[in-house]
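Here's the structure we're looking at; comments come further down.
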Amino acid sequence: MVTTKLGFSLLFLNLVLYIVVTVESIVSKRSNPIDFIKFSCKSTLYPVLCVHCLIGYANSIRQSEQQLAIAALNVSLSWTSTCASFVKKNTNIRGIKPREHRAMLDCIANIDSSADNLRQSARELHLTGNNAIGEKFDWHMSNVQTWVSAALTYQSTCLDGFAGPQMDGKLKDAIRGRVISVSQVTSNALALVNSFASRHQTTTLNKKP
Ligand SMILES: *[C@@H]1O[C@H](CO)[C@@H](O)[C@H](O)[C@H]1NC(C)=O
């Protein structure tokens, strides 16, 4: 009688343990994509901004460093395009001096080039998927790294145009503020691209016999 009771208790205990473990693994699987984003963003210069930008894409990113980097480039491209529209909208406002107008046109050209590079980078990063190994992976990856770095350079060239005294006031601050945010988001994207690149290299190295 006592043994049966004990048997039942053990059985019950096992069942409870089983349920607890199962529920726990489901919960941790669900929270993983967000933890993954938070963890990966620690390697960037602006981690808070990084998490803020990418958390909405957790479902498509899951645990993939490649998808994470692509999402970061997508976000950077979208911020860059919005910034370009803002500058374009303000090039012909009244009272603007010819020098200011020129700086804005230069900035627009730079921001547009930077958007082209980011668009191309996101497309190229797709090519580093499952089938790209070894040299092929390295080739696509180095293209992506070159183009994202170039995008950053174009953005800072735009900022240079507003560094001097030729432009004062609210509009200059508004443009500078936007371009600075855009380059922070792009810098984060580059960091995520670089960490995907370096980790993939270690994995392929480790796989070699
Ligand atoms: C990035 O943008 C492309 C093109 O708009 C889209 O097809 C893709 O799903 C996006 N990827 C992520 C991870 O957000």
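Keep in mind that the numbers below use all heavy atoms, side chains included, and drop hydrogens, waters and symmetry copies. When a residue number appears, it is its place in the shown sequence, counting from 1. Just so you know, these numbers come straight off a predicted model, no measurement behind them. Whatever order the structure lists them in is the order used to number ligands and atoms, beginning at 1.
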Review point. Nearest heavy-atom pair of Leu77 and Ala115: which atoms, and what distance?
Key: CD1-O, 3.4 Å

Check your understanding: Taking all non-hydrogen atoms of both residues, which atom of Ala163 and which atom of Lys172 are closest, and how far apart?
Key -> O-NZ, 4.2 Å

Does [atom] have a protein non-hydrogen atom under 4.0 Å from it?
atom	answer
atom 5 (O) of ligand 1	no
atom 14 (O) of ligand 1	yes
atom 9 (O) of ligand 1	no

Review point. Would the number of heavy atoms belonging to other residues, nucleotides or ligands and lying under 6.0 Å from CZ of Phe86 be above 12?
Key: yes

Practice item. Can you establish whether the number of heavy atoms outside Tyr46 located under 6.0 Å from its atom OH is more than 12? Key: yes

Point to revise | Which of the ligand 1 atoms, numbered from 1, are nearer than 4.0 Å to a heavy atom of Asn74 | key: 1 (C), 2 (O), 3 (C), 8 (C), 10 (C), 11 (N), 12 (C), 14 (O)

Point to revise | Proximal atoms of ligand 1 relative to Gln67 (non-hydrogen, under 4.0 Å) | key: 13 (C)

**Study point:** Note: Asp173-Arg176 ion pair, threshold 4.0 Å (strictly below)
**Key:** no

